[in-house]
Amino acid sequence: MSISRQDMFTVRSDSTGALVLTGELDVATIQQLQDKIDEIMVPGQPIVLDLAQLAFLDTSAMHVLVGTFEATGRPVVLLNASRSLRRILGYMTQQPKAWVFDGESPS
Amino acid sequence: MKTFEFRLPAEPTAAAVARAVLEAVAPDLPEPILLDAKLLTTEVVTNAIRHARGTQAVIVRVRRNKLVRVEVVDQGPMFDPQPQTTSTRAGSGQGLRLVDGVASAWGVEPDEAGKKVWFELVAIGGSDVDL
């Protein structure tokens with residue numbers, strides 16, 4: 001069995017400026033997301049990620065969320081995260097203020 | 001109890017292949033348990049490929065009864081299974097910290113091919129019947 005990185009994950013901007021993530025995020029695909037975030041990032045402005053079509057993420061994604069939070073000074077806003085993604089992110093408690101779900105205020 | 005064993009070339013997409021295989025061999029697991037198994041397998045396979053010098057391929061073994069047990073064998077040296085607790089920076093410690101927090105049990109043991117990192121999850125609500 002083989003999987004190509006292009007089939008595994010894509011990221012694009014939507015009309016609101018959110019990044020729409022599709023597929024699976026791990027070490028094989030995380031650089032695609034990092035590059036896209038670097039391209040659009042403005043200090044002081046939160047990065048918004050639409051996760052409706054994202055099926056999986058791992059600790060490499062957590063590192064990018066934390067790094068993005070540190071670079072922008074604003075928590076990353078996660079839209080439409082599935083129960084599975086929330087379960088995974090719930091395990092990653094080292095930097096709990098690095099992201100917020102659906103724009104709710106950080107606790 | 002049947003053991004599934006598969007060999008993954010040490011490529012960046014190895015963890016994605018491992019997740020797909022897990023889904024194929026354990027489709028009846030409760031969804032959260034399958035998800036946890038996929039997450040921990042991803043972290044352990046990623047560590048094996050990133051940090052275990054000389055590893056050309058990893059072997060993944062999946063055993064199933066009331067527990068799900070996953071073993072990831074690589075050709076790298078043994079290490080002290082103390083997950084890092086102080087850093088939020090990238091590194092194998094993050095993945096192992098996750099394994100430590102989520103798995104019912106886990107460990108590092110010598111294996112014929114090098115070493116293996118294993119973990120177990122209780123398949124609560126799953127079938128008691130062996131695969």
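Naming convention: chains lettered A, B, ... in sequence-line order (proteins, then strands); numbering from 1 in each chain. These numbers were taken from a predicted model, which means no experiment stands behind them.
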Under 4.5 Å from a heavy atom of chain A, the part of [X] involved:
X        : answer
Pro32(B) : both
Thr42(B) : side chain
Glu11(B) : neither

Check: [Y] and [X] side chains under 4.5 Å, non-hydrogen atoms:
X        : Y        : answer
Arg97(B) : Thr59(A) : no
Met92(A) : Gln94(B) : no
Glu31(B) : Ser84(A) : yes
Leu39(B) : Asp58(A) : yes

For Asp26(A) versus Ala15(B), what's the shortest heavy-atom pair and its separation?
OD2-CB, 3.8 Å
Taking all heavy atoms of Ala28(A) and all of Pro12(B), pick out the closest pair and write down the distance.
CB-O, 3.4 Å
Examine [X] and [Y] and state if one hydrophobic cluster contains both, with Ile, Leu, Val, Met, Phe, Trp and Tyr joined whenever side-chain heavy atoms are less than 4.5 Å apart.
X         : Y        : value
Val73(B)  : Val25(B) : no
Val27(A)  : Met62(A) : no
Phe4(B)   : Val21(B) : yes
Leu78(A)  : Val20(A) : no
Trp118(B) : Leu67(B) : no

As an exercise, state the distance from [atom1] of [X] to [atom2] of [Y], rounded to the nearest 0.5 Å.
X        : Y        : atom1 : atom2 : value
Arg19(B) : Phe56(A) : CZ    : CZ    : 4.5 Å
Ile30(A) : Thr46(B) : CD1   : OG1   : 11.0 Å
Thr13(B) : Phe9(A)  : OG1   : CZ    : 15.5 Å

Partner chain A: residue of Asp36(B), Ile49(B), Leu98(B), Leu8(B) with the largest heavy-atom pair count (under 4.5 Å):
Asp36(B)
